[in-house]
Amino acid sequence: MVLVCKKVAVIGAGSWGSILANILVMNGNKVCIWSRRKKQVDELNNQHTNHHYLSDFTYDRRLIASEDMAKVLEDASTVLFAVPTKAMRSVAADVATILKEKKLKPVIVHASKGLELRTHKRISEIISEEIAAENRKGIVALSGPSHAEEVAKKDITLVTAASEDLTSAKNVQKLFMNNYFRVYTNTDIIGVELGAAFKNIIALGAGALHGLGYGDDAKAALMTRGLAEIARLGIALGADPLTFIGLSGVGDLIVTCTSIHSRNWRAGNQLGQGEALQDVITNMGMVIEGLSTTKAAYELAAQEKIEMPITTAIYQVLYENKDIRQAISDLMQREGRSE
Ligand SMILES: NC(=O)C1=CN([C@@H]2O[C@H](COP(=O)(O)OP(=O)(O)OC[C@H]3O[C@@H](n4cnc5c(N)ncnc54)[C@H](O)[C@@H]3O)[C@@H](O)[C@H]2O)C=CC1
Ligand SMILES: O=C(CO)COP(=O)(O)O
C-alpha cells in the first residue's frame, strides 16, 4: 500500500472521477474532488454516496468534495481530469486560470477517453493548449480496461499510465498502484489515447450486434476487424503499432465490447433493439463518448485517406439515419480482401 501523502485535485465527479478519487484516498493521499453541482457535493460530503453515477457504493469518508474549483486546486501537487471530452477544453481553461493565479504547477493526469469534435485533438493536446504548454511532455493519460462499477468492488483492474516523460508516468503509477489496481507505464501517449478513444466506436457496434441478436462469431469478427482499422488510423497519426495489443488497445476493446457496464455497449445494444438515438442518450444520463468520437474518427480517416469500413458504417447509422441491418449487409458485401 502506498503511504506517501499528496494533495490530489480530481476534476469531475462522475463514476470514473469519483472512484479514482476513492482509490487515491485509500492509497493515503489527501483528495478533494470538484463537481459543478452543489447537490452532488453535499451528497458526497454528507452521505458519502454518488447515487446517480455509482448506486450502492459508499466512498471513503476522507474524500472531500467541493463545487469551489479554487478550493479544490489549493496546494494540489497533482490534478486529475475525468470529465467528458466535450467539456475538457472549457474545464481545463477554468483550471488554468486558477493555477496561474495561485502560481501552481501540479502534475497533470487525465482519465478521459475521446477526441475533440471539430479539432480532432486528443485529450492531452487539449490540456496542453489550455494549461501546460511548457510541460506538454509531462502530461499523463491513465487508460485501460476499467469500469468504475468493478473498481468499486475492488475487482482486479490493470491500466496504463502513458506519458512522453517516463518519470511522470512512473510517478502516476506509484500514486495509483495498490493490491487490486495495477498500473503499467507506456511512453506512447498517442497510441494510448487513440486506442482509448476509438474502441468506443467499435463497442457501439458490438452492442448493436447483440441487440439485433447476432452471436459470438459476429462479435469476434467485429472486434478483430475493428482493431485492424483502429490500428491503421492510429499508426497514420503517429502511434506505435505495439500499443494496440496492450491494455489500452485490445484490452480496452475487449472489455468495452463485452461488458454490461459499458455505456457505449449499452447504447449500441439499445440502438440494435430499435430505440431512437435521442432516447438512448437521454436515458443513459452519463456520457457515451463513442457517439462524438465516431464523427471525429470518420473525418480524420477521410483526411488521412485511411479505410475504416466499420467506423464509416457506424457513422452512417448515427449521423445519416442508415438502417443498421442495411449497414451490416453492405459491410458483408464489400469486395473480398486479404487480411
Ligand atoms: N465510467 C467509467 O467506468 C470510465 C470512464 N472513463 C472515461 O472518463 C470520462 C468521464 O466518464 P464518466 O465518469 O463515466 O462520466 P459521467 O457521465 O459519469 O460523469 C461526468 C462528470 O463530468 C461532469 N460534467 C459533464 N459535463 C460537464 C461540463 N460541461 N462541465 C463540467 N463538468 C461536467 C458531470 O457532471 C459528471 O460529474 C469519459 O471520457 C469516459 O470515457 C474511462 C474509464 C472508465
Ligand atoms: O473506458 C471504459 C472501459 O475501459 C468505459 O467505457 P464506457 O464509457 O463505454 O462505459
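All ligand and atom numbering here is 1-based and tracks the order in the structure.
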(message) Less than 4.0 Å is my threshold; does some heavy atom of Gly114 fall inside it relative to ligand 1?
(response) no
(request) Would you check the N or O atoms of Gly14, main chain and side chain alike, for any that come under 3.5 Å of an N or O of ligand 1? (result) yes
(request) Flag Lys86 as yes when one of its N or O atoms lies below 3.5 Å from any N or O atom of ligand 1, and as no otherwise. (result) no
(request) Give yes or no for whether the N/O distance cutoff of 3.5 Å, strictly under, is met between Glu149 and ligand 1. (result) no
(request) Decide whether the shortest distance between a heavy atom of His261 and an atom of ligand 1 is less than 4.0 Å. (result) no
(request) State whether Lys199 and Glu229 are salt-bridged, where the test is any N-O pair (Lys NZ or Arg NE/NH1/NH2 against Asp/Glu carboxylate O) under 4.0 Å. (result) no
(message) I'd like to check which ligand 1 atoms, numbered from 1 as shown, lie under 4.0 Å from a non-hydrogen atom of Ala87.
(response) 26 (N), 27 (C), 28 (C), 29 (N), 30 (N)
(message) If I apply the N/O under 3.5 Å rule, does Ala148 come out as touching ligand 1?
(response) yes
(message) Within the 4.0 Å heavy-atom shell around Val287, which atoms of ligand 1 are there?
(response) 11 (O), 15 (O), 17 (O)
(message) Using a plain distance cutoff, I'd like to know if Thr85 has any nitrogen or oxygen under 3.5 Å from a nitrogen or oxygen of ligand 1.
(response) no
(request) Before accepting this row, confirm whether a basic side-chain N of the pair Arg37/Glu67 lies closer than 4.0 Å to the acidic partner's carboxylate O. (result) no
(message) In this structure, does ligand 1 have an atom that sits under 4.0 Å from one of the heavy atoms of Trp34?
(response) yes
(message) Return the closest protein heavy atom for atom 9 (C) of ligand 1 as residue, atom name and distance.
(response) Ser112 OG, 3.7 Å
(message) With a cutoff of 4.0 Å, is Ser146 in contact with ligand 1, counting heavy atoms of the residue only?
(response) yes
